[in-house]
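Worksheet: the structure to be examined is printed underneath.
What you are looking at is a predicted structure, and each value in this text was computed from that prediction instead of being measured.
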Amino acid sequence: MHIAEGFLPPLQCAAWFAVAAPFVIHGGRAVVREARKSPENRLLLAAAGAFTFVLSAIKLPSVTGSSSHPTGTGAGTILFKPPVMAFLGTVVLLFQALLLAHGGLTTLGANVFSMAIAGPWAGYGVWRLFKAAKAPTWLGVFFAMAVANLFTYCVTSLQLALAYPDATTGFLGALAKFLGVFAVTQIPLSIAEGVLGVLLFGFFTRVAPTELARLGVTASDKEVVHV
């Protein structure tokens, strides 16, 4: 999903920075609020950021100019809502661009919008739907994590199609081609990330059941998330 350095036209780089900036600024304020609420939140914020960093640092071969990997943003979205992930995801992407040459600085705005904003909001929407339907918590976790992953790649496809429209079929033709590639390669990864999310929240229910109940993930500290 990380679009490589210099792969987008300068005007589009600037536009994606402008679109992403308000979400990131709002997310920074949300992180401060959550950190001030309780010391336990700081530990979970750190865990959400580390989880995203590790999973999204995995670099698998994909189409030219991008990469394929889990994103890990669904976990923080379920715990703290999407604005927090806009900020944490930006920090993750910035460090990966500087330390791992994964992604780039000029494409940071585009990568932030797809992985730290669009993906988390899509995953959170699915999470709220499952909560409203009173579905089992583990099922909501699975689909929220998987959709946050897959939607990130849909947005990356859109970004690449805008930058490189097909010579004959234009933007829609290029979008269909990029979506075709990402749908095939990313669906198995999104399913695997959903399963990993269920295991992660199963672990959280054993070590921090009260915090999960306080954050609204589980109905009570007795509820267990399991496969």
Side-chain angles (χ1 to χ4, degrees), residues 1 23 26-27 30-31 33-34 37-38 40-41 43-52 54-56 58 68-89 113-157 179 182-227:
M1 153 267 144
F23 291 93
H26 176 62
V31 168
R33 283 198 301 272
E34 293 294 340
K37 282 182 182 176
S38 77
E40 289 79 9
N41 277 3
L43 294 176
L44 288 174
L45 285 167
F51 185 70
T52 299
V54 171
L55 287 195
S56 61
I58 300 171
S68 188
H69 52 75
T71 63
T73 57
T77 296
I78 292 170
L79 289 169
F80 294 108
K81 301 182 177 59
V84 165
M85 284 316 300
F87 181 80
L88 292 182
F113 186 81
S114 61
M115 192 182 95
I117 298 171
W121 271 106
Y124 185 70
V126 171
W127 169 250
R128 294 304 306 172
L129 283 175
F130 276 78
K131 291 285 283 184
K134 301 187 184 305
T137 300
W138 68 266
L139 194 61
V141 168
F142 172 82
F143 278 101
M145 297 280 292
V147 168
N149 177 308
L150 191 59
F151 194 71
T152 295
Y153 282 82
C154 293
V155 175
T156 300
S157 298
L179 283 172
F182 281 129
V184 173
T185 61
Q186 200 60 27
I187 286 176
L189 284 176
S190 64
I191 293 173
E193 186 165 339
V195 173
L196 182 62
V198 174
L199 296 174
L200 176 69
F201 277 84
F203 171 74
F204 282 159
T205 58
R206 289 192 293 275
V207 300
T210 305
E211 284 69 31
L212 287 189
R214 180 172 54 79
L215 292 170
V217 177
T218 56
S220 73
D221 59 7
K222 304 298 182 186
E223 184 182 353
V224 178
V225 181
H226 55 76
V227 181

Heavy-atom distance under 4.5 Å between the side chains of [X] and [Y], does that happen here?
{"X": "T71", "Y": "Q186", "value": "no"}
{"X": "L215", "Y": "L44", "value": "yes"}
{"X": "T52", "Y": "M115", "value": "yes"}
{"X": "S56", "Y": "F51", "value": "no"}
{"X": "R214", "Y": "S38", "value": "yes"}
{"X": "F143", "Y": "L139", "value": "yes"}
{"X": "P70", "Y": "I58", "value": "yes"}
{"X": "L179", "Y": "C154", "value": "yes"}

How long is the span from the [atom1] atom in [X] to the [atom2] atom in [Y], to the nearest 0.5 Å?
{"X": "E211", "Y": "T205", "atom1": "CD", "atom2": "OG1", "value": "12.0 Å"}
{"X": "F23", "Y": "W121", "atom1": "CZ", "atom2": "CH2", "value": "8.0 Å"}
{"X": "T137", "Y": "L212", "atom1": "OG1", "atom2": "CG", "value": "9.5 Å"}

Which heavy atom in [X] sits nearest to a heavy atom in [Y], and how many Å separate them?
{"X": "G49", "Y": "L88", "answer": "N-CD1, 4.2 Å"}
{"X": "T73", "Y": "E193", "answer": "N-OE2, 4.1 Å"}
{"X": "F87", "Y": "V31", "answer": "CD2-CG2, 3.8 Å"}
{"X": "I78", "Y": "A144", "answer": "CD1-CB, 3.9 Å"}
{"X": "V155", "Y": "F113", "answer": "CG1-CD2, 3.9 Å"}
{"X": "A75", "Y": "L200", "answer": "CB-CD2, 3.8 Å"}

I'd like a table of donor-acceptor pairs (distance under 3.5 Å, sequence neighbours excluded) in which one partner is a side-chain atom from residues 124-136, with atom names and distances.
unit_1, atom_1, unit_2, atom_2, d
K131, NZ, G216, O, 3.1
K131, NZ, V217, O, 3.3

- Message: Using modelled atom types and a 3.5 Å cut-off, is there a donor and acceptor pairing between side-chain atoms of T152 and backbone atoms of S114?
- Response: yes
- Message: Evaluate L79 against F201 for side-chain contact (heavy atoms from CB on, under 4.5 Å), listing each step before the verdict.
- Response: CA-CA 10 Å; L79 289 169; F201 277 84; 3.8 Å; yes
